[in-house]
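Reading through the structure tokens given below for one structure.
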Amino acid sequence: MSIAVCPGSFDPITLGHLDIVRRAVRLFDVVVIGVARNASKSALLTPEERVEVVRGAVAAESDLAAVRVEQVPGLLVDFCRQVGAAAVVKGLRGGADFDGEHPMAMMNRHLSGVETVFLPAEQRFAHVASSLVKDIARHGGPIDDLVPPAAAEAVRAAVAHRA
Ligand code: PNS
């Protein structure tokens with residue numbers, strides 16, 4: 001059985017992330033979304049909120065019914081080992097994403113042998129980034145066509161109370 005992990009900080013999950021998960025579901029028998037901590041980013045949503053939002057987003061999509069969503073407590077490679085995943089799936093919007101992802105992919109393979117499969121992002125999501133979504137929300141701008149409804153709600157609540 002082929003098992004893949006779709007990891008990310010998902011702060012918040014975007015429609016671009018969901019598209020990658022949907023495409024991973026067509027390639028692997030089991031897909032687990034791993035909500036992890038990115039040491040180089042400070043998150044708006046707590047890890048528990050991010051997991052809850054991702055679960056809500058996945059639950060709203062009938063074709064993602066079998067996708068599990070879990071928190072990654074430490075290293076991604078340990079999580080992959082724990083769930084039995086031989087592959088990590090990540091989306092690439094362009095060269096900047098590749099520059100960031102390539103060292104992580106190589107390091108994860110160095111640490112555990114896990115392979116990373118890159119999927120090119122759909123062009124219509126090439127500009128969609130969690131960081132931009134948060135910036136737009138902080139200024140009261142529209143984010144509903146960039147993220148799932150559960151994410152839009154959580155981000156608006158968080159920026160209203162924490163920003
Ligand atoms: O959505 P992001 O921020 O691009 O995802 C990056 C993430 C969270 C997948 C990466 O930072 C990660 O794997 N974090 C878990 C800790 C870890 O394994 N660090 C070593 C990476 S080589």
Side-chain angles (χ1 to χ4, degrees), residues 3-25 27-28 30-58 61 64 67-138 143 146-148 150-152 154-155 158-159 162:
I3 304 174
V5 169
C6 287
S9 36
F10 302 116
D11 185 47
I13 189 167
T14 68
L15 296 185
H17 290 131
L18 270 185
D19 184 56
I20 296 297
V21 173
R22 189 170 286 115
R23 288 159 62 192
V25 163
L27 296 173
F28 295 90
V30 175
V31 171
V32 182
I33 299 181
V35 180
R37 178 166 180 267
N38 184 333
S40 62
K41 297 177 182 171
S42 76
L44 171 68
L45 303 173
T46 66
E48 293 73 23
E49 286 170 334
R50 286 182 275 137
V51 168
E52 192 185 322
V53 165
V54 176
R55 284 194 177 138
V58 164
E61 306 289 326
L64 302 183
V67 172
R68 275 157 47 202
V69 181
E70 291 175 25
Q71 197 170 320
V72 177
L75 282 178
L76 180 60
V77 290
D78 292 337
F79 180 76
C80 288
R81 208 176 280 128
Q82 193 191 313
V83 302
V88 165
V89 177
K90 272 280 206 168
L92 295 180
R93 289 162 299 188
D97 278 356
F98 180 77
D99 289 345
E101 296 295 342
H102 185 247
M104 288 196 279
M106 297 297 284
M107 182 57 77
N108 287 331
R109 194 168 62 163
H110 168 84
L111 291 172
S112 74
V114 73
E115 292 285 2
T116 298
V117 175
F118 292 124
L119 298 180
E122 282 271 7
Q123 198 52 38
R124 67 198 156 111
F125 299 126
H127 60 293
V128 179
S130 301
S131 54
L132 294 178
V133 167
K134 287 179 281 190
D135 194 36
I136 294 163
R138 284 191 182 102
I143 58 171
L146 303 172
V147 296
V155 168
V159 297
R162 293 169 210 170

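One-based numbering, in listed order, for ligands and for the atoms of each.
Side-chain atoms of D97 come within 3.5 Å of backbone N or O of R93 as a donor-acceptor pair. In this structure, the side chain of H17 engages the main chain of T14 through a donor-acceptor pair within 3.5 Å. At distances below 3.5 Å, not a single donor-acceptor pair connects side-chain atoms of R50 with backbone N or O atoms of A43. Remark: the backbone N or O of M104 is paired with a side-chain donor or acceptor of N108 at under 3.5 angstrom.
The closest side-chain donor-acceptor pair between S9 and D11, if any, does not fall under 3.5 angstrom.
Paired with R22 under the rule side chain to side chain contact (heavy atoms under 4.5 Å, CB included), one option of V67, V31, L64 passes, and it is L64.
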Ligand 1 N/O to protein N/O, distances under 3.5 Å:
unit_1: ligand 1; atom_1: 1 (O); unit_2: S9; atom_2: N; d: 2.9
unit_1: ligand 1; atom_1: 1 (O); unit_2: S9; atom_2: OG; d: 3.2
unit_1: ligand 1; atom_1: 3 (O); unit_2: S9; atom_2: OG; d: 2.6
unit_1: ligand 1; atom_1: 3 (O); unit_2: N38; atom_2: ND2; d: 2.8
unit_1: ligand 1; atom_1: 3 (O); unit_2: K41; atom_2: NZ; d: 2.7
unit_1: ligand 1; atom_1: 4 (O); unit_2: K90; atom_2: NZ; d: 3.0
unit_1: ligand 1; atom_1: 5 (O); unit_2: K90; atom_2: NZ; d: 3.2
unit_1: ligand 1; atom_1: 14 (N); unit_2: R37; atom_2: O; d: 3.0
unit_1: ligand 1; atom_1: 18 (O); unit_2: L76; atom_2: N; d: 2.8

